[in-house]
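Here's the structure we're looking at; comments come further down.
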2 protein chains.
Amino acid sequence: MFKTLRIGEVAKATGIKVVTLRYYEQLGLVPGPARTDGNYRAYNQEDLHRLRFIRRCRDLGFSLDQVRGLLRLSSKRCQKCSEVDRITRRHLTDVEEKISDLKRLANVLRRIISRCRGDGLIADCRIIEALSPGVSPADRI
Amino acid sequence: MFKTLRIGEVAKATGIKVVTLRYYEQLGLVPGPARTDGNYRAYNQEDLHRLRFIRRCRDLGFSLDQVRGLLRLSSKRCQKCSEVDRITRRHLTDVEEKISDLKRLANVLRRIISRCRGDGLIADCRIIEALSPGVSPADRI
DNA sequence: GTAGGGTCTATGGTGGCTATAGGGTCAAGG
DNA sequence: CCTTGACCCTATAGCCACCATAGACCCTAC
């Protein structure tokens, strides 16, 4: 027989904060757990498992909506996993796009910074200049 | 003499949406422009310049708070530009951190995906498995 | 004079939380 | 038995950087 856990214990066990646990419940992402006589949430092992799954997905950058989908799918054990595959690949593509966006950004910032001596006056500042309209197209993103 | 612009024209000229222009004004990021008799906003060239500066900063991923700082600094033409330098370097560091976070993320996702045949059942799905607790530490981020 | 576009303010929603107020519960110590 | 302190409860509001909507007003062209 599994001793139920209180919300603070679940928070420690999953790494999800107490407020966030309540927030997920409010969203309907997880079913509300049983309650004690004193109206405390009493989480069982299945709740814990579900929440750890969510935490892992969130660490991997899935949106709550994607997590919802993955949760739904993970319970249909007899269905094909192509949909799971699709969601995950889609997410990877998004992440890869974000990486290349940020790389381009970092390059522009490095170029801008490299031209600043750091001790001149604002009036001559290459950074402010680069941020102002009319800058050379090479520095645009 | 410069003909003043209406908000829609400014939106086109800067690439900032109409609602966002009003939002920036409400935040105090830009001073409210003059008004016409019919209470329409009438932007002058200085307003436009300021807004283009903001747009450029936002494209480069600066937060509105950082933009506020850069705007303030850019008007103090006789001050040293070390602070501008600091803000920009700080931002670059943030971006670089985000890139390496996302790269690690993408690697995990790729590893997870590579093990999925994509046509099996959920019950055997390597992705769901990898998302579940108790997965091998190598797949953790 | 009326039709259409643009503009005005005010309010509410998004995602994914976090913070706060004002109370209730529970176990340990005096 | 009573208090203290840690935990828990709900409800509400705030964060960022916007976007959407409603209902009114303005302005130009036909």
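Because the structure is a prediction, the values reported are computed rather than measured. Chain naming here is simple, since letters A, B, ... match the order of the sequence lines and numbering starts at 1 in each. Side chains are part of it too, since the values below use all heavy atoms of this structure and drop only hydrogens, waters and symmetry mates.
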side-chain N/O B:K17 vs D:dC18 OP1/OP2, d < 4.0 Å: no
Base of D:dC7 paired with side chain of A:Y40 (donor-acceptor, under 3.5 Å): yes
For B:L109 against A:V95, the heavy-atom pair lying closest together: CD1-CG2, 4.2 Å
Spacing between B:L51 atom CG and D:dA17 atom P, to the nearest angstrom: 16 Å
Flag for A:R104-A:N107: side-chain donor and acceptor within less than 3.5 Å: no
Sugar-phosphate only, base, or nothing, as touched by A:S63 at under 4.0 Å among non-hydrogen atoms: sugar-phosphate
B:L5 side chain near B:L48 side chain, heavy-atom distance below 4.5 Å: yes
Side chain A:R58, main chain A:F62, donor-acceptor under 3.5 Å: yes
Separation of atom CD in B:E9 from atom P in D:dT28, rounded to whole Å: 12 Å
Contact under 4.0 Å: B:T20 side-chain N or O vs D:dA17 OP1/OP2: no
Atom pair distance, as rounded to whole Å: CZ in B:R58 and P in D:dC16: 12 Å
Any A:R22 side-chain N or O less than 4.0 Å from OP1/OP2 of D:dC9: yes
Gap between atoms OH and C1', on A:Y23 and D:dC15 respectively (whole Å): 13 Å
Whichever of A:R6 and B:Q26 has its nearest DNA chain C nucleotide further upstream toward 5': B:Q26
Spacing between A:N39 atom CG and D:dC7 atom C1', to the nearest angstrom: 14 Å
Cluster link A:F53 to A:Y24, ILVMFWY, side chain under 4.5 Å: yes
Under 4.0 angstrom between A:R41 side-chain N/O and D:dT10 OP1 or OP2: yes
Along DNA chain C, first and last positions that approach a heavy atom of chain B under 4.0 Å: C:dG6 to C:dT9
Value in whole Å for how far the P atom of D:dC15 lies from CG of B:L64: 13 Å
Shared hydrophobic cluster for A:Y40 and A:L51 (ILVMFWY, side-chain gaps under 4.5 Å): no
Any donor-acceptor pair under 3.5 Å from A:R22 side chain to A:K17 backbone: no
Distance, rounded to the nearest Å, where B:D37 contributes CG and D:dT28 contributes C1': 16 Å
